[in-house]
Amino acid sequence: MDEGKMDENEWRYHGEGNKSLVVAHAQTSEEIFQHLQNIVDFGKNVMKEFLGENYVHCGEVVQLPLDFVKQLCLKIQCERPESRCDKDLDTLSGYALCLPNLARLQTYQFAERRPILCVEIKPKCGFIPSSSDVTHELKHRVCRYCMHQHLKVATGKWKQISKYCPLDLYSGNKQRMYFALKSLLQEAQNNLKIFKNGELIYGCKDARSPMADWSELAHHLKPFFFPSNGLASGPHCTRAVIRELVRVITRVLLSGSDKGRAGALRSGPGLRGPPVCEASPFSRSLRCQGKNTPERSGLPKGCLLYKTLQVQMLDLLDIEGLYPLYRRVERYLEEFPEERKTLQIDGPYDEAFYQRLLDLSTEDDGTVAFALTKVQQYRVAMTAKDCSIMIALSPCLQDASSDQRPVVPSSRSRFAFSVSVLDLDLKPYESIPHQYKLDSKIVNYYLKTVHAKDATVMSTRFKESEDCTLVLHKV
Ligand SMILES: O=P(O)(O)O[C@@H]1[C@@H](OP(=O)(O)O)[C@H](OP(=O)(O)O)[C@H](O)[C@H](OP(=O)(O)O)[C@H]1OP(=O)(O)O
Ligand SMILES: Nc1ncnc2c1ncn2[C@@H]1O[C@H](COP(=O)(O)OP(=O)(O)OP(=O)(O)O)[C@@H](O)[C@H]1O
């Protein structure tokens, strides 16, 4: 073991079983500071560039008194979901990342006194890979989210399959977006949370305690959407309130003129996958009605969904094409471990790092440089596939002028709003082998269960139609 880690003060008790006592090595304060500073730099130099100034809030690294951190940890321990309690909080370094509260309006510098509604959406990957390195043809037709749902339910992460498909949300087609948002409201999983004045009123605090009562949600939302009218309660009211919420969120998601350099990433049409996922119940029902697949993405270029999708599409080769390139970088690092720094695997995430991300060529010249660029692009793409969008809404007074702030109308009220992105720390280089294994697990599970079942249904249907054809044949 590394000599530098032989200081007992850097080790602490972690847990124990029957036979083993587990102690864990704590990172040094400098390492933690550097890790946090990297998150800030990545936000500033990369994500702000791609997604635009107004959407990204990088925060800053701050130092806190250790006593305060310890007391705070004790205070909040009982509120943490059980499933997350295996992760210890860092109470040793004193460093923390200080971010604005994104559940509040970001367009207003003073704390809002008006009530605030915040909708958090984790949209996940919004495109289907078109890479020729993909080995299962199915991956060109069904999106990863929809396939992954089946594995998640089988492993007990969630109780039931969601009807949400990211491709519907990213379609820019209002009907499909309504369907996607309604599906999220039906089965929020970790893709949707709603906060009122900072308090979670809808969505999962923990996988085991989902909050999903529409009438209760409507009760919370009614004063926002129907402020001065005595709309009766009951199912009619619930539906009306939910409809308003979905409309407002769709409008906000399609809004925006914020500048960002995601345009620099626009890939050629040959590199784009199909516009719909075959597993989406929306596209299934269209097919059943014999309708054509809907139009390709109509997202306005200034909106955050469009920009996020462009960054996600930095994953040009799919994990199957990327993995051999990762192995090439690995072999190089095994031979020249000291080069890890020069290759900027763990930062710094500076302007030079950003500039290299803009090279979208897919011609492999066999070099480590090519492999490294694809690996870094993949990590950035994965980050964009796992980030969340926070939409903060605050009702405007009827007669108030909009004082330059963006405003979204609903049928009975108007909201000042802001949109921000959350969870933008670059995915680690080390997670690539895990991604590779997980991808194959997801696809194989889907092929083994759902697809096999579908094929049986199809062949039964085929037999039925054959019977039918026989009846119609002239003898
Ligand atoms: O791989 P996925 O798609 O399951 O995404 C993981 C997320 O699961 P989800 O599918 O959203 O339920 C997962 O979400 P949960 O923590 O399960 O809510 C994490 O966001 C994970 O990121 P990290 O490893 O903590 O940095 C995510 O892992 P990454 O793949 O982004 O590294
Ligand atoms: N700046 C913020 N303002 C308001 N809420 C926040 C902020 N940062 C995080 N949150 C809340 O905390 C939750 C967890 O934060 P975050 O997603 O950054 O953690 P994570 O450990 O990276 O999660 P993941 O498991 O998705 O990778 C978010 O879903 C959001 O509800």
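Source: prediction; values computed, not measured. Counting convention: from 1, in listed order, for ligands and their atoms alike.
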Exercise for review: Could you say whether the N/O atoms of W158 and ligand 1 ever approach to under 3.5 Å?
Suggested key: no
Practice item. Compute the shortest N/O to N/O distance between R144 and ligand 1 and return yes if it is under 3.5 Å, no if not. Key: yes
Practice item. Write down the atom of E339, the atom of L333, and the distance for their closest heavy-atom approach. Key: C-CD2, 4.2 Å
**Study point:** For the student: nearest non-hydrogen atoms of P166 and C143, plus distance
**Key:** CD-SG, 4.0 Å
Under 4.0 Å from a heavy atom of [X]: which atoms of ligand 1 are those, numbered in the order shown and with their elements?
X    : result
K152 : 9 (P), 10 (O), 12 (O)
L438 : 1 (O)
K157 : 8 (O), 9 (P), 12 (O), 15 (P), 17 (O)
D386 : 5 (O), 7 (C), 11 (O), 19 (C), 20 (O), 21 (C), 22 (O), 27 (C), 31 (O)

Study note, to complete from the structure: Counting from 1 in the order shown, the ligand 2 atoms closer than 4.0 Å to a non-hydrogen atom of K122 are 26 (O)
Check your understanding: Does atom 20 (P) of ligand 2 have a protein heavy-atom neighbour under 4.0 Å away?
Key -> yes
Check your understanding: Quick one: does atom 11 (C) of ligand 2 have a protein heavy atom under 4.0 Å from it?
Key -> no
Point to revise | Aromatic ring pairing Y326/Y429, orientation class (parallel under 30°, perpendicular over 60°, tilted between) | key: tilted
Check your understanding: Heavy atom under 4.0 Å from ligand 2: found in P100's side chain, backbone, both, or neither?
Key -> backbone
Review point. If you measure from each non-hydrogen atom of L422 to ligand 2, which part falls under 4.0 Å: side chain, backbone, both or neither?
Key: side chain
Check your understanding: What part of K385, side chain from CB on, backbone N/CA/C/O, both or neither, has a heavy atom under 4.0 Å from ligand 1?
Key -> neither
